[in-house]
Amino acid sequence: MPKQTSAARRTSIAGLLAATSLALALSGCATYDVTAPADARADAPAAAVQAKDAQLAAAKGAKNGDGKNGDGKNGDAKGSQGGGGQAAAPGGAGDVDCRKAKCVALTFDAGPSENTPRLLDILKKEKVHATFFMLGENHVDKRPAEVKRIDAEGHELANHTWSHQILTDIEPAEAKRELSRVQDAVRKITGKTPRLMRPPQGRTDEEVSKISKDLGLAQVLWSVTAKDYQTNDSALITKRVLEQTERDGIILLHDIYKGTVPAVPGILKELKKRGYTVVTVSQLLSPAKAEPGMVYRP
């Protein structure tokens, strides 16, 4: 397992994040440790903290026009590509500091779909970056242009398995294939390998954590769900998101449902009005980096 954080900064949850009682029944009350974004930031190595502070200083200098960073605001987004072609924190992460800002991460599951281009138009207009937990079968494999655009516009590429199988219900070798096929497909399209994954229905356990660690994937759950798979009512989706959102939250939406994308402009407008900075998951964790195998949830 990944290195342990301090006991004061770790929480334990049982079963599924959403529909907990159902998860407990299906998962056998599997218990695992979860790290909150604020705890991850607080436990970041000193070197990572220093690097983050240097990025912030460079970004501030560029905005002030002193020439310290020729790439300016977008320098970190273009220069943060990790070794081995891994997808790193996108979207100008160098000038976002969630240690001070009131941040919330925006994530979309199960795409890309026919709705994704409109969503990307909205996010571009609002100057917001999100994390896309993508499905392989009938999504990544059928819509490589959308995958390329997600990456090109500074969003975060992430893994939601190949065919949405419940990883705790299948054999370890099959679970590994569910994740590795998406890794391979995204890398083939973009040259980058996702570092984050979201287990279908949020269901994970020690075996899934081990597989994730082996594949270089951290696991990301959520704190806000509109249950947009139950309704196409955009106003209701907006209401549910806003009622649940708190600082350091992770919003779960799906860009495959008709009511979701139309709700996004209103969600973003109100979040900004309330003082939130909308970020990717990696930006939310920074200066910490997501550790493979670890489970992150607010």
Side-chain angles (χ1 to χ4, degrees), residues 77 87-93 104-164 178-179 181-201 217 220 222 224-238 240-241 250-269 271 278-284:
V104 62
L106 180 62
T107 72
F108 295 91
D109 279 14
S113 75
E114 66 275 11
N115 304 313
T116 305
R118 182 182 175 192
L119 172 61
L120 292 171
D121 289 343
I122 293 168
L123 297 176
K124 186 174 184 179
K125 179 181 178 181
E126 298 297 330
K127 296 181 173 60
V128 165
H129 293 94
T131 301
F132 285 79
F133 291 91
M134 300 178 293
L135 281 176
E137 189 173 36
N138 296 322
H139 295 276
V140 169
D141 63 344
K142 299 296 185 182
R143 297 183 176 275
E146 284 86 346
V147 177
K148 288 181 180 178
R149 184 179 169 190
I150 288 168
D151 175 48
E153 295 186 1
H155 303 287
E156 187 163 35
L157 304 166
N159 188 329
H160 195 42
T161 74
W162 186 257
S163 60
H164 209 262
E178 277 286 303
L179 294 168
R181 289 185 71 182
V182 176
Q183 297 292 87
D184 293 342
V186 172
R187 181 168 56 248
K188 183 177 180 180
I189 293 168
T190 67
K192 299 176 183 177
T193 305
R195 292 177 172 176
L196 306 177
M197 81 89 159
R198 175 168 285 154
Q201 296 185 10
L217 288 164
V220 180
W222 60 92
V224 178
T225 175
K227 295 184 179 180
D228 51 354
Y229 47 83
Q230 295 179 343
T231 180
N232 285 325
D233 185 337
S234 298
L236 179 58
I237 291 169
T238 300
R240 287 174 172 173
V241 168
I250 298 177
I251 298 170
L252 164 60
L253 293 170
H254 298 80
D255 50 327
I256 57 173
Y257 299 121
K258 292 181 179 179
T260 302
V261 172
V264 171
I267 290 170
L268 294 177
K269 180 179 180 180
L271 288 176
V278 181
V279 297
T280 66
V281 171
S282 288
Q283 288 174 323
L284 186 66

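The chain is numbered in sequence order, starting from 1.
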*asked:* Enumerate the side chain to side chain donor-acceptor pair (under 3.5 Å) contacts for residues 256-265, please, sequence neighbours excluded, ordered by first and then second residue.
replied: Asp228-Thr260
Can you name the nearest heavy-atom pair linking [X] to [Y], along with the distance?
X	Y	value
Arg198	Trp222	NE-CE3, 3.7 Å
Leu157	Val147	CD2-O, 4.1 Å
His129	His155	CA-ND1, 3.5 Å
Gly266	Thr238	C-CG2, 4.4 Å
Gly259	Ser234	O-OG, 2.7 Å

*Give the intermediate values and the outcome of side chain to side chain contact (heavy atoms under 4.5 Å, CB included) for residues Met197 and Val182.*
CA-CA 10 Å; Met197 81 89 159; Val182 176; over 6 Å; no
_Val264 and Glu126, any side-chain heavy atoms less than 4.5 Å apart_ = no
_Val224 side chain reached by Ile250 side chain, heavy atoms, under 4.5 Å_ =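 Sidechains of Val224 and Ile250: no contact.
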*asked:* Do Thr116 and Arg143 pair up side chain to side chain, a donor and an acceptor below 3.5 Å, judged on atom types alone?
replied: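 No pair is found: no donor N or O on one side chain lies under 3.5 Å from an acceptor on the other.
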*Val278 and its side-chain contact (heavy atoms from CB on, under 4.5 Å) partner, picked from Ile251, Ile267, Leu284, Val128*: Val128
_My understanding is that only one of Thr107, Leu119, Ile237, Thr225 makes a side-chain contact (heavy atoms from CB on, under 4.5 Å) with Leu253; could you say which?_
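Filter result, single survivor: Ile237.
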_Tell me every residue that passes side chain to side chain donor-acceptor pair (under 3.5 Å) with His160, counting only those two or more places apart in sequence or in another chain._
His164
*Using a strict 4.0 Å threshold on nitrogen-to-oxygen distance, state whether Arg181 and Asp184 make a salt bridge.*
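No salt bridge links Arg181 with Asp184.
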*When you look at Asn159 and Val186, which way does the side chain to side chain contact (heavy atoms under 4.5 Å, CB included) test go after all the steps?*
CA-CA 9 Å; Asn159 188 329; Val186 172; over 6 Å; no
Name the atoms and distances for all side-chain donor-acceptor pairs under 3.5 Å in residues 131-139, with sequence neighbours left out.
| residue | atom | partner | partner atom | Å |
| --- | --- | --- | --- | --- |
| Thr131 | OG1 | Glu156 | OE1 | 2.7 |
| Thr131 | OG1 | Val281 | N | 3.0 |
| His139 | ND1 | Ala110 | O | 3.2 |
| His139 | ND1 | Pro112 | O | 2.9 |

